[in-house]
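Here is the structure we will look at.
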Amino acid sequence: MSVIELRNLTKRYGKARGISDVNLQVEEGEIFGFIGPNGAGKSTTIRTLLGLISPTSGSATLFGKSCTTHPEIRKELGYLPSEVFYYDGMRVMDLLQYSASFYKKDCTKRIQELAERMDLDLKKKIDDLSFGNKKKVGIVQGLLHEPKLILLDEPTSGLDPLMQQTFFELIAEENRKGATVFFSSHILSEVQKMCSRVAFIKEGRIIKQEKMSDLQDNNYKKVSLEAKSAIDPAALDLDGVSNLELKGTSASFIFKGSLNAMLQRITAFQLTNISIVEPDLEEIFLHYYVKED
């Protein structure tokens, strides 16, 4: 079952770019990564899913229902925005209980459990909290009703490394209980750690969708060379070479294709060292962006 389905989803802001012809399917139980630099269209996509903005054209459905004409599906969502804003005069517990009231169930025990995990003081007033602690409030608020779909928009900004790890553990636990997770980020190591599939978005358009396992299999290699003399860039003008960096007698690049063909080409160099390893997600990401430019 597709929990999220976007078909030719387009949102324009006058002449300004939003998103164009976005097509995505996220299946039940997935942790799906949605990655791209700031301004690529990630937040616009999520706001459309939340029903906060209406598409210019195309469609967005959650659990098979339109995001714009079926607002009741929002009760199944948990959302953590990149920035959180609250009424400063409220105590943390009061705010969270007010949030829980929209779901018409007693979430007191759940709030206390989550607050303990996140090391969050429920008695404090919102205006006494640091940005990181306000982010913890947002995490508890987004998870207190045990949503079926969790939408995360740059979720770890403001959290220290220990709290980031606790947060990832919480999300993994919710996923094991059956929640589907849509994880938007520009921090590629987070996506690499959490997600089973990823989509790359650039300037409002999806440029690639891939299984994480396929991204990290033998299709791509990172090659680093050192030679006795300067390396001629023309010698590395080979199909499958991208992200080429040359510094005198050294070179590095991402390669996709026949390793034998590539090795035959570089035998012309008097090599002093060579390294061939699997690239990380960030290097693959740059590969796509360079290729599309």
Side-chain angles (χ1 to χ4, degrees), residues 1 3-4 26-32 46-47 49-52 61-160 162-184 194:
M1 171 186 168
V3 173
I4 297 174
V26 179
E27 303 303 318
E28 186 175 14
E30 273 197 292
I31 302 181
F32 188 92
I46 287 181
R47 289 175 188 139
L49 290 172
L50 292 165
L52 298 176
T61 62
L62 299 176
F63 307 102
K65 296 182 178 181
S66 167
C67 298
T68 52
T69 60
H70 289 273
E72 70 276 8
I73 60 176
R74 296 172 198 166
K75 289 186 177 182
E76 305 295 346
L77 307 184
Y79 171 51
L80 180 61
S82 55
E83 297 184 20
V84 288
F85 301 97
Y86 299 112
Y87 295 113
D88 288 347
M90 296 184 75
R91 288 190 316 140
V92 172
M93 188 62 178
D94 294 337
L95 171 74
L96 293 173
Q97 286 182 328
Y98 175 67
S99 298
S101 69
F102 289 95
Y103 304 104
K104 294 183 171 56
K105 58 182 180 180
D106 185 2
C107 300
T108 303
K109 182 179 179 182
R110 170 78 168 164
I111 290 170
Q112 291 171 340
E113 289 172 350
L114 290 169
E116 185 175 344
R117 289 285 297 275
M118 297 304 300
D119 192 23
L120 175 64
D121 187 344
L122 294 171
K123 297 177 182 178
K124 283 195 171 183
K125 285 190 174 182
I126 297 293
D127 51 356
D128 293 332
L129 299 180
S130 65
F131 176 72
N133 279 316
K134 287 180 181 178
K135 200 65 180 275
K136 293 178 187 179
V137 175
I139 292 169
V140 177
Q141 185 181 36
L143 299 179
L144 59 83
H145 57 300
E146 299 182 274
K148 293 180 181 178
L149 172 61
I150 302 170
L151 300 172
L152 305 173
D153 190 2
E154 307 287 353
T156 60
S157 60
L159 298 179
D160 64 47
L162 285 176
M163 279 297 108
Q164 288 182 21
Q165 184 58 40
T166 300
F167 169 74
F168 289 134
E169 290 169 0
L170 273 175
I171 295 301
E173 289 170 16
E174 294 305 301
N175 178 246
R176 285 194 292 271
K177 290 192 294 185
T180 303
V181 182
F182 188 78
F183 187 177
S184 171
M194 295 291 293

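Remember, it's a predicted structure, so these values are computed and weren't measured experimentally. If you read the sequence from its start, that first residue is 1, and numbering goes on from there.
- Taking 4.5 Å as the limit, every side-chain heavy atom of M118 sits out of range of all side-chain heavy atoms of V137.
- Other residues, nucleotides and ligands contribute more than 12 heavy atoms inside 6.0 Å of the NZ atom of K177.
- With sequence neighbours left out, the side chain to side chain contact (heavy atoms under 4.5 Å, CB included) criterion links E76 to F63, K148.
- For F102, the ring-ring contact (aromatic ring centres under 6.0 Å, His included) criterion is met by Y98, not counting sequence neighbours.
- Under the side chain to side chain contact (heavy atoms under 4.5 Å, CB included) criterion, E72 pairs with K65, H70, not counting sequence neighbours.
- Side-chain contact between L50 and L77 is present, with at least one heavy-atom pair separated by less than 4.5 Å.
- Nearest heavy atom pair, residue C67 against residue I73, reads CA-CD1, 4.2 Å.
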Using distance only, find each side-chain donor-acceptor pair of residues 89-97 under 3.5 Å and give its atom names and separation, not counting sequence neighbours.
residue	atom	partner	partner atom	Å
R91	NE	D94	OD2	3.3
R91	NH2	D94	OD1	3.2

Run the side-chain donor-acceptor check on residues 162-169: report pairs under 3.5 Å with partners two or more places apart or on a different chain.
residue	atom	partner	partner atom	Å
Q164	NE2	L159	O	2.9
T166	OG1	L162	O	3.2

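- Contact annotation: the side chain of N175 never approaches that of M194 to less than 4.5 Å [non-hydrogen atoms, C-beta and beyond].
- Electrostatic pairing of E146 and K105 does not count as a salt bridge here, judged by no charged N lying under 4.0 Å from a carboxylate O.
- Every residue two or more places apart in sequence or in another chain that forms a side chain to side chain contact (heavy atoms under 4.5 Å, CB included) with D127 is listed here: D88, K125.
- L151 has its side chain out of reach of L62: every pair of non-hydrogen atoms, C-beta onward, lies at least 4.5 Å apart.
- In this structure, T180 and I150 have side chains that are not in contact, with every pair of non-hydrogen atoms separated by 4.5 Å or more.
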